[in-house]
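Inspection log for the structure reproduced underneath, given as structure tokens.
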Protein chains: 2
Amino acid sequence: MIGAMPEVPSDTAPKERRKRLPSGERRREFIAQAIEFFAENGFESSTRDLAKRLGVTQPLLYRYFPSKDDLIAEVYSAVYVKRWKPEWEVLLADRTRPLADRLRQFYREYTEVVFTRDWMRIFLFAGLKGVDINIRYMGLVRSRILDPIVAEARAEAGLVDANGPAESDFAWLIHGGIFYNGVRRVVYGEADATDVGAMIDNAVEAMLTGLEKMRAGEPAPKVRSL
Amino acid sequence: MIGAMPEVPSDTAPKERRKRLPSGERRREFIAQAIEFFAENGFESSTRDLAKRLGVTQPLLYRYFPSKDDLIAEVYSAVYVKRWKPEWEVLLADRTRPLADRLRQFYREYTEVVFTRDWMRIFLFAGLKGVDINIRYMGLVRSRILDPIVAEARAEAGLVDANGPAESDFAWLIHGGIFYNGVRRVVYGEADATDVGAMIDNAVEAMLTGLEKMRAGEPAPKVRSL
DNA sequence: CAATCATGTTATCGATCGATAAATGACGGC
DNA sequence: GCCGTCATTTATCGATCGATAACATGATTG
């Protein structure tokens, strides 16, 4: 049946009839499309629908991935690991600039990655599925982002000792507020009109003033760096 | 087969062998258990597993609900509608008390409802499923909670005109931060150790000071109420 | 041009899904 | 104590799921 009617074989088009891609290229295409597919429809969607979207047959997926779960693991890796920018940690630690500047730039870059439909939805799907990768990711956010922010804020105020747990919690509060703004935008389709940059500016200011107030009850700094 | 071995009919126990509950009572039990079941396993879980948890057979569900989607709709209603407390709106508008007090009490009561495993997970599952009920719920939060908060803050400062969109956005930021704290607690199992009350107190203070700063650039109030 | 091998498809299995029809059995009214 | 009503179970249907085996085909190489 299929193939009997050649459905207008456009000679100009790349003639991408239906076959023969090199292994690596095909695999990359599978993962890239699987990200969007699972982000949109959830991980419980069928491999047949994914194959249909890819324009191949379903068993072909199993030539590239041993099981559906292995494909999903590749999706996780592509989204979580490969979109994390190590330069963020460098940026946050750059004491030649005021911390407020660094935070504004960081959250602009961070939201550019995270405030996307596939990142957000895959994060939420994975979280509800109970996979450990989300917990590890939040550990990364704490250790590489939030704790450094608190430390930088203390350093800018002339304090050198360790962070208190309350400060870390407050940084989580603002960070979570920013993140949830992305959830509202991307998952619920709200807040499109409002400006991300303005939201970030207000959030950064609230974070810094909140951290400052939180340090008010502490003893005066013994060493002033500047 | 079943019934041939009475599997130790404990005479002391309520002898809940396997049958005959009045219709209304059975229906309520189904919905109550379906909330926990779907919250834990997602809405794509099978009706057979739900029936097993309930100790009944799967077709019995279809005598009480026309379809699985109808049962899910009942779950939504039970979680979203019936756990919303109208007195929250009264509390927030009670101008005999300082706004900070009202906010601290409100968020303590609100998180008592929302920071539960089934509420949180059903909210997130429903959001990813794309059902409109979540969008309507967030409209409720804005109109009954956040906009009133902004209005109360302006009133306490002696302003009487309408809210600006930036203030509403900032209220969403802090509210989202509180909500996301619940996600971390309930969904990801983090932050159990830290105190919810302390987090709320810091969040309320940040919200009020943030709103105050946001009004700083505006013209002076023409009418002072007190 | 024929042999080879990796890519891709066809066909199909066993399990599980939501849902329906028919049989069963517990309980109250008489 | 029988009887009918209605809650509940047994049995089953058609669709869909992940996965596997067997077959087909295009490209490469000698």
Side-chain angles (χ1 to χ4, degrees), chain A residues 1-7 9 14-31 33-34 37-38 40-75 125 129 131, chain B residues 1-7 9 13-34 37-38 40-75 125 129 131:
Chain A
M1 304 287 190
I2 297 178
M5 186 184 302
E7 22 187 273
K15 197 66 175 301
E16 48 170 11
R17 264 295 284 277
R18 64 163 176 268
K19 277 193 191 178
R20 291 272 126 172
L21 260 76
S23 173
E25 190 175 335
R26 182 65 97 184
R27 183 183 166 86
R28 267 191 302 275
E29 185 194 350
F30 279 4
I31 295 176
Q33 293 279 347
F37 176 76
F38 286 129
E40 200 57 39
N41 310 106
F43 291 116
E44 316 225 19
S45 300
S46 72
T47 55
R48 281 177 177 80
D49 285 346
L50 171 59
K52 193 176 300 176
R53 177 198 183 105
L54 283 160
V56 300
T57 56
Q58 178 245 3
L60 187 59
L61 292 171
Y62 287 84
R63 183 168 297 277
Y64 291 87
F65 309 96
S67 73
K68 184 182 178 182
D69 279 341
D70 285 281
L71 170 56
I72 291 176
E74 294 283 352
V75 167
F125 273 124
K129 228 180 131 189
V131 288
Chain B
M1 303 292 186
I2 297 178
M5 186 184 300
E7 23 188 85
K15 196 69 173 299
E16 48 171 11
R17 265 294 285 278
R18 62 165 178 271
K19 278 192 189 179
R20 289 271 128 169
L21 259 74
S23 173
E25 189 175 335
R26 183 65 97 184
R27 184 184 166 86
R28 269 190 301 276
E29 185 194 351
F30 278 5
I31 296 176
Q33 292 279 347
F37 176 75
F38 286 129
E40 199 58 37
N41 310 107
F43 292 114
E44 318 224 18
S45 300
S46 72
T47 55
R48 281 178 177 79
D49 284 347
L50 171 58
K52 193 176 300 174
R53 176 198 183 103
L54 283 159
V56 300
T57 56
Q58 178 245 3
L60 187 59
L61 292 170
Y62 287 85
R63 181 166 299 276
Y64 292 88
F65 309 96
S67 73
K68 184 182 178 181
D69 279 341
D70 285 281
L71 170 57
I72 291 176
E74 295 282 352
V75 167
F125 274 124
K129 227 181 133 190
V131 288

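Quick note on labels: first sequence line is chain A, next is B, and so on, each numbered from 1.
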Interatomic distance where CG belongs to A:Asp70 and P belongs to D:dT20 [whole Å]
11 Å
Between B:Tyr62 and B:Ser67, the two heavy atoms sitting closest are CE2-CA, 4.0 Å
Take atom CZ of A:Arg63 and atom C1' of D:dA21, then tell me their distance rounded to the nearest Å.
11 Å
Would you call B:Glu25-B:Arg28 a salt bridge at under 4.0 Å N-O?
no
A:Arg27 CZ to C:dG8 P, in whole Å, measures 14 Å
Shortest side-chain distance from B:Asp49, nucleotide among D:dG18, C:dC17, C:dG18:
C:dC17
Side chain of A:Tyr64 - closest among C:dC17, C:dG8, D:dA19
C:dG8
Winner on side-chain proximity to A:Tyr62, out of C:dG18, D:dT20, C:dT7, is D:dT20
Let me know the distance between CG of B:Leu61 and P of C:dC17, rounded to the nearest Å.
13 Å
Using a heavy-atom cut-off of 4.0 Å across all strands, would you classify A:Thr57 as base, sugar-phosphate, or nothing?
base
Can you measure A:Arg26 atom CZ to D:dA27 atom P for me and round it to whole angstrom units?
13 Å
In whole angstroms, how far is the P atom of D:dA7 from the CD atom of B:Gln58?
18 Å
Rounded to whole Å, how long is the line connecting atom CG of B:Leu71 with atom P of C:dC17?
15 Å
Check every atom of C:dA21, C:dG18, C:dG8 against the side chain of B:Pro59 and return the nucleotide holding the closest atom.
C:dA21
Atom CD1 of B:Ile72 to atom P of C:dC17: distance rounded to whole Å?
14 Å
For A:Val75 versus A:Ile31, what's the shortest heavy-atom pair and its separation?
CG2-O, 4.5 Å
Nearest nucleotide by nearest heavy atom, which residue falls closer to the 5' end of DNA chain C, B:Pro66 or B:Ser46?
B:Ser46
Heavy-atom pair with the smallest gap, counting every atom of B:Thr57 and B:Ala51
C-CB, 3.7 Å
Checking contacts here: which listed nucleotide (C:dG8, C:dC17, D:dC17) is nearest the side-chain heavy atoms of A:Arg48?
D:dC17
What is the ring orientation for B:Phe43 with B:Phe125, classed by angle as parallel under 30°, tilted 30 to 60°, or perpendicular over 60°?
perpendicular
